[in-house]
Amino acid sequence: MIRIYNTLLTILGNQNWWPADTPFEVAIGALLTQQTRWNNVEKAILNLKDKSLMEPEKLANTDNETIEELIRCTGFYRQKAHRLIIMSEYFLLHGDAIFDRPVKELREDLLELKGVGEETADSIILYAANKPKFVIDAYTRKILNCLGISGSYSELQQIFEARLDEDVELFKEYHALIVEYGKQYCLKHRCEECVLIDIGKTLI
DNA sequence: TTCCCGAGAT
DNA sequence: ATCTCCGGAA
């Protein structure tokens with residue numbers, strides 16, 4: 001698995017995810033980016049910052065309509081506005097102690113929140129809490145499929161976590177590289193140029 | 001038209 | 001397994 005990482009890093013270079021000033025901003029971005037280009041998420045984040053709303057206390061006490069207008073460019077803005085408030089209340093309720101809790105409990109908490117599925121929960125754990133959880137997204141699934149591997153979310157996650165050192169920075173960069181590779185190669189059907197197939201066969 | 005750093009309800 | 005939420009860029 002580390003060979004694939006090294007190969008991706010050589011081809012694409014360091015991705016340096018996740019651009020954010022605070023853990024809270026990571027969580028907000030994680031909700032906004034669902035089924036949405038990061039480019040549009042950045043606009044929404046800037047809109048929220050311009051109104052000084054990128055804080056749990058502020059956002060939790062802002063009405064739906066105001067938030068909807070600021071994040072409209074991310075699509076699904078009505079449900080997302082509601083979910084941002086719920087996430088804000090969660091941060092507000094637990095304070096900075098959120099990320100001091102065991103990963104298992106944090107993950108269960110996050111999954112209870114509306115709009116937070118496994119991928120979003122793990123993104124927050126990895127990029128906001130800085131804990132080693134490997135994020136599985138659609139591109140990860142697609143690439144593993146090409147290597148002859150399929151399975152549930154947790155099964156695919158185990159494949160990575162069992163074969164890699166528990167290195168937060170490695171997990172962060174690896175997931176980012178997979179997404180970027182997916183955009184550049186998988187999405188554009190550049191399968192004949194894919195460098196992962198031969199590597200993949202030798203290590204599974 | 002497709003697709004995006006998906007999740008929830010049915 | 002399929003549908004809905006939804007705007008914006010290519």
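Just so we're on the same page: letters track the sequence lines, and every chain starts at 1.
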Decide yes or no for A:E55 and A:K49: does some side-chain heavy atom of the first lie under 4.5 Å from some side-chain heavy atom of the second? no
Kindly give the heavy-atom pair with the smallest separation between A:E173 and A:Y5, and that separation in Å. CG-OH, 3.6 Å
Let's see if you get this right: which residues in residues 108-127 of chain A place a heavy atom under 4.0 Å from DNA chain B? A:L113, A:K114, A:G115, A:V116, A:G117, A:E118, A:E119, A:T120
When the ring planes of A:F134 and A:F160 are compared, do they come out parallel, tilted or perpendicular, using 30° and 60° as the limits? parallel
Of all of residues 30-46 of chain A, which get a heavy atom below 4.0 angstrom from DNA chain C, listed by number? A:R37, A:N40, A:K43
Results of side chain to side chain contact (heavy atoms under 4.5 Å, CB included) for A:S150 - residues two or more places apart only: A:N145
Once you round it to whole Å, what is the distance between P of C:dT4 and CZ of A:F76? 12 Å
Atom CZ of A:R72 and atom P of C:dG8: how far apart are they, to the nearest Å? 8 Å
Nearest-angstrom distance, C1' atom, B:dC3 to C:dC5: 15 Å
Taking the P atom of each, how far is C:dG8 from B:dA7, in whole Å? 23 Å
Around atom CD of A:E166, are there more than 12 heavy atoms from other residues, nucleotides or ligands closer than 6.0 Å? no
Between which nucleotides of DNA chain B, read 5' to 3', does contact with chain A run, using atoms under 4.0 Å from its heavy atoms? B:dC3 to B:dG8
Could A:R107 and A:E118 be called an ion pair, given the rule that one side-chain N must be under 4.0 Å from one carboxylate O? yes
Residue set satisfying side chain to side chain donor-acceptor pair (under 3.5 Å) with A:K172, at least two apart, ordered chain then number -> A:N130
Side chain to side chain donor-acceptor pair (under 3.5 Å) filter on A:E105, not counting sequence neighbours, yields A:R101
Do A:W38 and A:W18 have their ring centres less than 6.0 Å from each other? yes
Decide if the gap between the ring center of A:H175 and the ring center of A:F171 is smaller than 6.0 angstrom. no
If only side-chain N and O atoms of A:Y77 are considered, is one of them under 4.0 Å from the OP1 or OP2 phosphate oxygen of C:dC6? no
